[in-house]
Novice: 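Structure in structure tokens, see below.
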Amino acid sequence: MIKRYNKTQLAITLATAFTASFTAANISAATINITNSGFESSFDGWIDTDPSSVSGVAFEGSNSAKMSGSNGRVEQTINIDSNSDYTLTAYVKGGGKIGVSASGVSESTNISSSDWQQASVSFNSGSATSVTIYGEYFGNEGRFDSFELTTSSDTTEPSEPTTPVTCTGSSALTIVAATDNGTNDGHGPNNTIDNSYDTESRWSSNGEGKTITYDLGVQSEVKSVSVAWFKGNERASYFDIETSADGSSWSSVLSSGQSSGSNAGLEEYDVTDTSAQLVRITGYGNSSNTWNSIIETKINGCSDGSAPTDPTEPTDPTEPSNPVGNLDPDLPPSGNFELVDWTLGVPVDENSDGKSDTIKEIELSSGYSRTPYFYTAADGGMVFRCPIDAPKTSTNTSYARTELREMLRRGDTSYSTQGVGGNNWVFGSAPSSDQNAAGGVDGVLEATLAVNYVTTTGDSSQVGRVIVGQIHANDDEPLRLYYRKLPSNSKGSIYIAHEPITGSEQYYEMIGSRSSSASDPADGISLDEKFSYQVKVVGNTLTVTIMREGKADVVEEVDMSGSSYDAGDQYMYFKAGVYNQNNTGDADDYVQATFYSLSNKHTGYAY
């Protein structure tokens, strides 16, 4: 199975289990059987309520359960012992609730995370001898996998642990060295572990059976291997993967592997879980010739008997996507964010065509950066900066931007960038023929960011304005999300605009005022203050939520039923970054924002 890999999308969970107790009264855990706990056999053993389905995006194995609407739910009734302590756990990606219910028992927990994260509920069974465990929809589309129910009981027999501590979860492990069999063409093996995605920073060796070996330094649990192949979007590479604890005895963990041939970024390959210190890739050429060429390699797993190599603090369940702690300041933006389904508009015109340049999906996801407009900050965030005096995307555009444009085709140029098709999405209220033809239906855009700077010069009607998120349609904009801070104010406001296909624009003030003479908003957002937004479309309903730590969410719901976006041939795409809304100030005045997470989701879109 081939999966797209993104460092910021790694879920890190730690668990230790002892099979014996210590010298005093201690606790041992027993696992209660759950039928088909990972949905590998569809919904066998479960009662499922639509909208639910089996998804091929899994934490373990091949399947998970997906809830895509407010009634989505799976449940299973299990026999238990009375007056006993239990813990239910499951892995959740997206939005979800897990819980238990029985006579006298009702416990649940909610979670929202852009990647797989473990949720748990503990309870005492009281007089109940059976309990219903469940997973259900919570706020956003979510996936559920690897349910487990354990019970704890006191023991008094002293003994030594009889099995070593094992680890769970998966993270990028430290690779201390890379070596080959000495037949490279001058592009050596260390190029594949330098965090550079420049095509010259690669390992290349010609001929079948050429090997590159990675040393993890310590015994580790190896669970998958991620490889960025040279010309990975042009040709398929053929390979095997083996592991070894000592370098003398090798075990095959993936035989007859083949890359997708359509992705220049990292691809993650599931391997047989093994305890190893060495990982060896043997190349057998590619679909074009006999060269074996790798730009970058990541080994994923956890350190045997200890925490993963690169642990981070647990994610706050209220955060919409990956935390700042997962970001590596030494990587380009695509090393921290999955950017293969975006293009980037940058405010430069290097090809002298009179328009700003567009960085397409594969180039963007292969390590592109361009200081000072698009680069990785010292804290790992993805920086967008745009001056006033800069090339525009077209002659019809009044303002400059450094902005991502969603591209569901992920580099597959057989899909047109325009029109209802595989590259764009439509509302769930659109004609069924459009929904069937589109790359996705409805959508959720989530981001965590800080606006670092806004313009301070120019007309009073434009100063301090920047758009940080959009939904764009054929010619109009169902949503523009504004941040605005006036020069005399210490904090900024948040407001949105909805543009029907016919009729006047509609503005909604969420925090503070959009007025050019607004007073300092008491509950406003300061420059460099992190906040999150969620943009959600379900049918003709648009919901925008602003989230800040320690403060209540601010929510605005817009009824779009009269806006005509549910008509045929209307297609949508998300945008994120900075769209400078000032063209009257000093030429070098600018806007800047740093993004710390970004995710886009659609029904029917698998990534």
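Not measured: the values here are computed from a predicted model.
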Novice: With distance as the sole criterion, is a donor-acceptor pair present between the side chains of S42 and D44 under 3.5 Å?
Specialist: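 Per modelled atom types, S42 and D44 side chains form no pair under 3.5 Å.
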Novice: Examine Y573 together with W342 and report whether their ring centres are nearer than 6.0 Å.
Specialist: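 When the ring centroids of Y573 and W342 are compared, they turn out to be at least 6.0 Å apart.
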Novice: Under 3.5 Å, is there a donor-acceptor pair linking the side chains of D434 and Y571?
Specialist: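 No, no side-chain donor-acceptor pair sits under 3.5 Å.
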Novice: Please determine, by modelled atom types, if S224 and E268 share a side-chain donor-acceptor pair under 3.5 angstrom.
Specialist: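 Yes, because at least one side-chain N or O of S224 sits under 3.5 Å from a partner of the opposite role on E268.
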Novice: Is the F144 to F39 ring centre distance short of 6.0 Å?
Specialist: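 No - the distance between ring centres of F144 and F39 does not fall below the 6.0 Å cut-off.
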Novice: Can you say whether the rings of Y399 and Y579 are parallel (under 30°), tilted (30 to 60°) or perpendicular (over 60°)?
Specialist: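 Perpendicular.
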Novice: Looking just at side-chain N and O atoms, do Y214 and T297 make a donor-acceptor pair shorter than 3.5 Å?
Specialist: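 Indeed, the side chains of Y214 and T297 share at least one donor-acceptor pair under 3.5 Å.
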Novice: Test your reading of the model: is there a side-chain donor-acceptor pair from N191 to the backbone of I295, 3.5 Å cut-off?
Specialist: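 Absent.
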Novice: Begin with the C-alpha distance, continue with both residues' side-chain angles, and end with the deciding distance and a verdict on side-chain contact (heavy atoms from CB on, under 4.5 Å) for L408 and Y415.
Specialist: CA-CA 9 Å; L408 302 186; Y415 291 103; over 6 Å; no
Novice: Check the angle between the aromatic planes of F595 and F384 and answer parallel, tilted or perpendicular using the 30° and 60° thresholds.
Specialist: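 Taking F384 first and then F595, their aromatic rings stand perpendicular (interplane angle over 60°).
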Novice: With distance as the sole test, does T594 use its side chain to make a donor-acceptor pair with the main-chain N or O of M382 at under 3.5 Å?
Specialist: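 Not a single qualifying donor-acceptor pair exists.
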Novice: Would you check if the distance from the ring center of W425 to the ring center of H602 is below 6.0 Å?
Specialist: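 Yes, close enough.
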Novice: Quick one about S55 and R143 (side-chain donor to acceptor, distance below 3.5 Å, no hydrogens or angles considered), yes or no?
Specialist: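 On atom types as modelled, these side chains qualify, holding a pair under 3.5 Å.
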